Amino acid sequence: METKSETASFGGTQGVYTHAATSTKCDMTFAVFLPEEARDGAVPVLWFLSGLTCTHENAMTKSMAQAFAAQEGIALVFPDTSPRGEDVADDENFDMGQGAGFYVNATEEPWSRHFRMWDYVTEELPALVAENFAIDLDRQAITGHSMGGHGALTVAMNLPERFRSVSAFSPMCNTMDSDWGTPQLTKYLGSDTSAWEAHDASHLMRTRGFDGPLLVDIGTKDQFWDKLKPGALAAAMTEAKQQGSFRLQPGYDHSYFFVSSFIEDHVRFHGEALYG
C-alpha cells in the first residue's frame with residue numbers, strides 16, 4: 001500500500017492510498033478518514049460507496065461527511081467505483097465499464113478479468129484497511145449514493161451479520177427492471193436473471209430484508225427518478241415490514257448538493273447504531 005496524501009481534517013486525518021489489488025488485477029485507489037479517537041484505539045467504520053462516473057474523490061471532497069464522522073468518532077472509507085487502467089475493459093457509455101462497476105463480480109467477457117468489485121469491497125479492501133488502520137470491523141455500517149446506494153443496500157442485505165445499519169441516497173432500487181440495471185447486469189453477469197437477484201435491492205428486501213435500521217433519502221426532483229425506481233423499494237419495505245425510514249425530500253435533485261444536505265442525518269443515524 002502506498003500513501004498518496006494525508007491531510008489534517010476536523011481533528012483527524014484524511015488520507016488517500018493506492019495498492020495493487022488481487023481481486024481486480026489492477027492498482028486501486030481508496031480514501032480513509034480517521035477521527036481523533038483512532039489515535040487511542042480502533043473505531044467503528046462507515047463505508048461510503050459512490051455512484052456512476054465517480055471515484056473515491058467525489059464523496060471525500062463533496063459530502064462533508066468528515067465533519068460529522070469526527071463528532072461521532074467514526075472512520076470513513078471511500079472505495080473507488082470500478083477497476084481502472086489501460087488494459088481494463090471500458091465502454092463508450094458512462095453507465096458501463098470504468099466508473100460503473102455496479103459492485104458485482106462480472107462473469108462475462110471482457111469484464112470478468114477485472115470487474116470483481118463485489119470481492120473488492122466486501123473482502124479485499126476491508127482486510128487491507130483493518131491491517132493498516134485503527135478500524136474495528138466488528139462495528140461496521142454502510143451507505144452510498146445512486147449506484148453506490150444500490151451497492152450499499154445489496155451488500156448489507158447479502159451480508160446481514162456484518163453491518164449494524166445501512167442507508168442510501170437516491171439509490172438504484174430495482175436493477176432487474178430498469179435502464180440502470182438490466183443492460184449492465186446482462187453484460188456483466190449474462191442473461192440468466194437468477195444471477196441478478198443478489199444485486200437488486202427491491203428483490204432482496206422482499207426475500208431477505210435487513211435485520212437492523214435502514215434509512216433511504218431521495219429528492220422529489222431527482223432527474224433520474226424513472227431509472228432509480230424508488231417506488232419498488234418503498235413497496236418492498238412495506239411488504240417486508242422493514243424497520244427503517246424512506247424519506248422523500250421536496251425540491252432536491254440527484255446531485256451532491258442533495259447528499260451534503262442530509263449527510264449529517266445519515267452519519268448520526270449510523271453513529272447511534274455503531275455506538276448504541
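All values derive from a computational prediction rather than experimental measurement.
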*asked:* Minimum heavy-atom separation for Tyr120 and Ala21, please, with both atom names.
replied: CE1-CB, 3.9 Å
*asked:* I'd like to know if the side chain of Gln223 and the backbone of His254 have a donor-acceptor N/O pair within less than 3.5 Å.
replied: yes
*Hey, does the side chain of Arg116 reach the backbone of Thr24 with a donor-acceptor pair shorter than 3.5 angstrom?*
no
_Geometric cation-pi criterion, Arg139 with Tyr275: 6.0 Å, 45°_ = yes
*Using modelled atom types only, decide if a donor and an acceptor are shared between the side chain of Thr154 and the backbone of Gly151 within a distance under 3.5 Å.*
yes
*Could you list who else is in Phe269's hydrophobic cluster, with ILVMFWY side chains joined at under 4.5 Å, directly or through other members?*
Leu215
_Just verifying a value: how many Å separate Arg113 CZ and Glu109 CD, rounded to the nearest 0.5 Å?_
9.5 Å
*Is Asp136 reaching over with its side chain to a backbone N or O of Pro44, donor-acceptor style, under 3.5 angstrom?*
no
*Any side-chain heavy atom of Gln184 sitting closer than 4.5 Å to one from Asp95?*
yes
*Shortest non-hydrogen contact from Gly101 toward Ser82*: N-CB, 3.8 Å
_Is there a path of hydrophobic side-chain contacts, each under 4.5 Å between heavy atoms, that joins Val166 and Leu159?_
yes
_Inter-residue atom distance Phe210.CZ - Asn158.CG, 0.5 Å rounding_ = 11.5 Å
*Donor-acceptor pair, Ser245 side chain versus Arg247 backbone, under 3.5 Å?*
no
*asked:* Are Trp111 and Tyr188, when compared by the centres of their aromatic rings, separated by less than 6.0 Å?
replied: yes
*Take Asp253 and Lys221 through the salt bridge (charged side-chain N to carboxylate O under 4.0 Å, His left out) test and state the conclusion after the steps.*
CA-CA 5 Å; Asp253 64 9; Lys221 290 189 176 180; over 6 Å; no
*Please say whether more than 12 non-hydrogen atoms of neighbouring residues, nucleotides or ligands are located less than 6.0 Å from CG in Asp27.*
yes
_Exam field: side chain Thr81 to backbone Cys54, donor-acceptor pair closer than 3.5 Å_ = yes
*asked:* Using the rule given for salt bridge (charged side-chain N to carboxylate O under 4.0 Å, His left out), can you reason through Glu37 versus Arg39, listing the C-alpha separation, both sets of side-chain angles and the distance that settles it, and then say yes or no?
replied: CA-CA 5 Å; Glu37 289 85 346; Arg39 297 167 187 163; over 6 Å; no
*Among the clusters formed by ILVMFWY side chains lying less than 4.5 Å apart, do Phe257 and Ile218 turn up in the same one?*
no
*Do any N or O atoms from the side chain of Glu124 and from the backbone of Ser23 form a donor-acceptor pair under 3.5 angstrom?*
yes
*Do Arg162 side-chain atoms and Thr122 backbone N/O form a donor-acceptor pair below 3.5 Å?*
yes
*Minimum heavy-atom distance Ala106-Leu189, with the two atoms named*: CA-CD2, 4.2 Å
*Give the minimum heavy-atom separation between Ala100 and Phe94, together with the two atoms involved.*
CB-O, 3.8 Å
*asked:* With a 4.5 Å cut-off on side-chain heavy atoms, are Pro83 and Met117 touching?
replied: yes
*Check the pair Gln140 / Trp47 against side-chain contact (heavy atoms from CB on, under 4.5 Å), numbers first and verdict last.*
CA-CA 8 Å; Gln140 296 189 68; Trp47 296 82; 2.9 Å; yes
With a cut-off of 3.5 Å and sequence neighbours excluded, list every side-chain donor-acceptor pair involving residues 167-179.
unit_1 : atom_1 : unit_2 : atom_2 : d
Ser167 : OG     : Thr143 : OG1    : 2.7
Ser167 : OG     : His266 : ND1    : 2.9
Ser167 : OG     : His270 : NE2    : 2.8
Ser170 : OG     : Asp222 : OD2    : 3.2
Asn174 : ND2    : Asp200 : OD2    : 3.0
Thr175 : OG1    : His199 : O      : 2.6
Ser178 : OG     : Trp180 : N      : 3.0
Ser178 : OG     : Lys227 : O      : 2.5

*Parallel under 30°, tilted from 30 to 60°, perpendicular over 60°: which one fits the rings of Phe48 and Phe78?*
tilted
*With rounding to the nearest 0.5 Å, note down the distance linking CD1 in Ile263 to NZ in Lys62.*
14.0 Å
*asked:* Could you walk me through whether Glu197 and Ser194 satisfy the side-chain hydrogen bond (donor to acceptor under 3.5 Å, both in side chains) test, starting with their C-alpha distance in whole Å, then the side-chain angles of each, then the deciding distance to 0.1 Å, before giving a yes or no?
replied: CA-CA 6 Å; Glu197 294 177 353; Ser194 65; 6.0 Å; no
*For Phe258 and His145, run ring-ring contact (aromatic ring centres under 6.0 Å, His included): C-alpha distance rounded to whole Å, both residues' side-chain angles, the deciding distance at 0.1 Å, then the answer.*
CA-CA 10 Å; Phe258 162 64; His145 174 230; 7.1 Å; no
*Evaluate the side-chain proximity of Gln66 to Gln14: yes if any heavy-atom separation is below 4.5 Å, no if none is.*
yes
*Is the shortest heavy-atom distance from the side chain of Thr55 to the side chain of Arg84 under 4.5 Å?*
yes
*With sequence neighbours excluded, residues passing side chain to side chain donor-acceptor pair (under 3.5 Å) with Tyr252*: none
*Are side-chain heavy atoms of Phe115 and Val104 found at a separation under 4.5 Å?*
no
*For Ser9, does its backbone N or O pair with a side-chain atom of Thr13 as donor and acceptor, under 3.5 Å?*
no
*Please assess Lys187 against Glu108 for the test salt bridge (charged side-chain N to carboxylate O under 4.0 Å, His left out), listing each intermediate value before the final yes or no.*
CA-CA 7 Å; Lys187 291 181 179 180; Glu108 304 297 303; over 6 Å; no
*asked:* Go through it in stages, so that I can follow the logic: the residues are Val129 and Tyr17, the test is side-chain contact (heavy atoms from CB on, under 4.5 Å), and I'd like the CA-CA distance, side-chain angles, deciding distance and then a yes or no.
replied: CA-CA 10 Å; Val129 297; Tyr17 311 91; over 6 Å; no
*How far does CG of Leu52 sit from CZ of Phe102, to the nearest 0.5 angstrom?*
5.0 Å
_Pairwise side-chain contact, Phe30 with Asp80, heavy-atom cut-off 4.5 Å (strictly under)_ = no
_According to a hydrophobic-cluster definition based on side-chain heavy atoms being under 4.5 Å apart (Ile, Leu, Val, Met, Phe, Trp, Tyr only), do Phe163 and Val216 belong together?_
yes
*CG on Leu185 to OG on Ser191, rounded to 0.5 Å*: 12.0 Å
*Using modelled atom types only, decide if a donor and an acceptor are shared between the side chain of Trp196 and the backbone of Gly190 within a distance under 3.5 Å.*
yes
*Given side chains that start at C-beta, do those of Tyr103 and Leu49 come closer than 4.5 Å, heavy atoms only?*
yes
*Please say whether more than 12 non-hydrogen atoms of neighbouring residues, nucleotides or ligands are located less than 6.0 Å from CD in Glu272.*
no
*Could you check Thr18 against Met28 for side-chain contact (heavy atoms from CB on, under 4.5 Å), going step by step and ending with a plain yes or no?*
CA-CA 5 Å; Thr18 61; Met28 298 290 290; over 6 Å; no
_With a 4.5 Å cut-off on side-chain heavy-atom distances among I, L, V, M, F, W and Y, is there a chain of contacts connecting Leu125 to Leu137?_
yes
_Joint hydrophobic cluster, Ile135 plus Phe68, side-chain heavy atoms closer than 4.5 Å_ = no
*From Gln242 atom CD to Arg206 atom CZ, the distance as rounded to the nearest 0.5 Å*: 13.5 Å
_Evaluation steps, side-chain contact (heavy atoms from CB on, under 4.5 Å), between Phe262 and Asp265_ = CA-CA 5 Å; Phe262 296 99; Asp265 289 358; 3.9 Å; yes
*Would you say the side chain of Thr3 lies within less than 4.5 Å of the side chain of Glu6, judging by non-hydrogen atoms?*
yes
